[in-house]
Novice: 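Can you read through this structure? Questions will come right after.
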Amino acid sequence: MAAASAQAFGLPVQTSADEALEQELWRTVGTVAWLGEHLQGVPPEQRLRGNMAAFADLDAAERRHLTAVSKACIDAGLDKRKVALLERTATAFAEVLRRVLSDLDVLEDPRAPVVVQRHLALLNPGGET
């Protein structure tokens, strides 16, 4: 009975509220995308008939849910916190790199910025900055 319940309802997964909210956003985006692709493959005159009406209703409901989850993410400040974390990480990385170059006594070497920039470019293979 416990195994059947676990299969039906899932087992508890430790996560944060932010992670759960973000995962719900991603799941909902995936569902909306799938439903949209599915409905695009159906001739327009059949989209609201028979079984397709249920898909159209589900699509509308999922779009409303996506709007609600998106608003919850904005209200929770998820993107702002992610940007702040990235900024802190970049600042810490730059300080570590500066200290390594200093310890190697190459911080003032005129080649150092060129070499560092060339290797950091590997982190952004698409070329966007």
Side-chain angles (χ1 to χ4, degrees):
M1 188 164 139
S5 294
Q7 189 174 18
F9 298 107
L11 296 173
V13 176
Q14 189 171 359
T15 189
S16 70
D18 284 355
E19 288 171 344
L21 190 55
E22 188 171 56
Q23 288 172 12
E24 182 61 16
L25 176 67
W26 295 344
R27 271 191 303 275
T28 305
V29 168
T31 301
V32 167
W34 182 86
L35 286 165
E37 288 174 16
H38 182 71
L39 288 170
Q40 286 296 319
V42 176
E45 66 276 5
Q46 294 178 7
R47 287 184 191 154
L48 297 177
R49 293 188 193 154
N51 294 344
M52 289 299 105
F55 279 101
D57 289 344
L58 183 57
D59 182 56
E62 284 298 315
R63 287 176 181 276
R64 285 190 301 274
H65 181 64
L66 177 57
T67 300
V69 172
S70 297
K71 182 177 179 339
C73 288
I74 291 168
D75 290 349
L78 288 184
D79 284 343
K80 288 180 183 178
R81 287 200 300 263
K82 281 179 146 181
V83 168
L85 176 61
L86 284 172
E87 288 171 345
R88 288 191 307 273
T89 302
T91 299
F93 179 78
E95 181 59 20
V96 166
L97 186 55
R98 188 192 68 73
R99 289 178 183 204
V100 167
L101 294 173
S102 179
D103 286 355
L104 293 172
D105 204 22
V106 295
L107 185 60
E108 300 303 323
D109 187 322
R111 297 172 299 167
V114 175
V115 171
V116 168
Q117 186 175 14
R118 184 176 75 236
H119 289 283
L120 287 176
L122 297 172
L123 296 174
N124 190 17
E128 292 181 22
T129 55

Novice: Any side-chain to backbone donor/acceptor pair from R47 onto A56? Under 3.5 Å, distance only.
Specialist: no
Novice: Checking L66 against L25 for the side chain to side chain contact (heavy atoms under 4.5 Å, CB included) test, could you report, in this order, the C-alpha distance in whole Å, the side-chain angles of both residues, the deciding distance, and whether it holds?
Specialist: CA-CA 7 Å; L66 177 57; L25 176 67; 3.7 Å; yes
Novice: May I ask you to test the H119-L122 pair for a side-chain heavy-atom distance under 4.5 Å?
Specialist: yes
Novice: In this structure, are over 12 heavy atoms from other groups packed under 6.0 Å from R27 atom CZ?
Specialist: yes
Novice: Kindly say whether L85 contributes a backbone atom to a donor-acceptor pair with the side chain of T89 at under 3.5 angstrom?
Specialist: yes
Novice: Show your reasoning for whether side chain to side chain contact (heavy atoms under 4.5 Å, CB included) applies to V114 and Q117.
Specialist: CA-CA 5 Å; V114 175; Q117 186 175 14; 5.7 Å; no
Novice: When you group the ILVMFWY residues by side-chain heavy-atom contacts below 4.5 Å and let the links chain together, are V115 and V106 in the same group?
Specialist: no
Novice: Just how far is it from atom OG1 of T91 to atom CZ of R88, taken to the nearest 0.5 Å?
Specialist: 9.5 Å
Novice: Checking L101 against V116 for the side chain to side chain contact (heavy atoms under 4.5 Å, CB included) test, could you report, in this order, the C-alpha distance in whole Å, the side-chain angles of both residues, the deciding distance, and whether it holds?
Specialist: CA-CA 10 Å; L101 294 173; V116 168; 3.9 Å; yes
Novice: First locate atom CG of N51, then atom CD of Q46, and finally report the distance between them rounded to the nearest 0.5 Å.
Specialist: 11.0 Å
Novice: Would you say V96 and L120 are hydrophobically clustered, going by side-chain heavy atoms of ILVMFWY under 4.5 Å?
Specialist: yes
Novice: Per the ring-ring contact (aromatic ring centres under 6.0 Å, His included) rule, what does the pair list look like for residues 22-70, sequence neighbours excluded?
Specialist: W34-H38, H38-F55
Novice: Looking only at heavy atoms, what is the nearest atom pair of C73 and L21, with distance?
Specialist: SG-CG, 3.7 Å
Novice: Tell me if a side-chain donor or acceptor on R81 pairs with a main-chain N or O of A76 at a distance below 3.5 Å.
Specialist: yes
Novice: Would a single hydrophobic cluster contain both V29 and L78, if residues Ile, Leu, Val, Met, Phe, Trp and Tyr are joined by side-chain heavy-atom contacts under 4.5 Å?
Specialist: yes
Novice: Looking only at heavy atoms, what is the nearest atom pair of V32 and D59, with distance?
Specialist: O-OD1, 4.1 Å
Novice: Nearest heavy-atom pair of T28 and E24: which atoms, and what distance?
Specialist: OG1-O, 2.7 Å
Novice: Distance-only, no hydrogens or angles: does the E19 side chain make a donor-acceptor pair with backbone N or O of S16 under 3.5 Å?
Specialist: yes
Novice: Look at atom CG of D105 and say whether more than 12 heavy atoms of other residues, nucleotides or ligands are closer to it than 6.0 Å.
Specialist: no
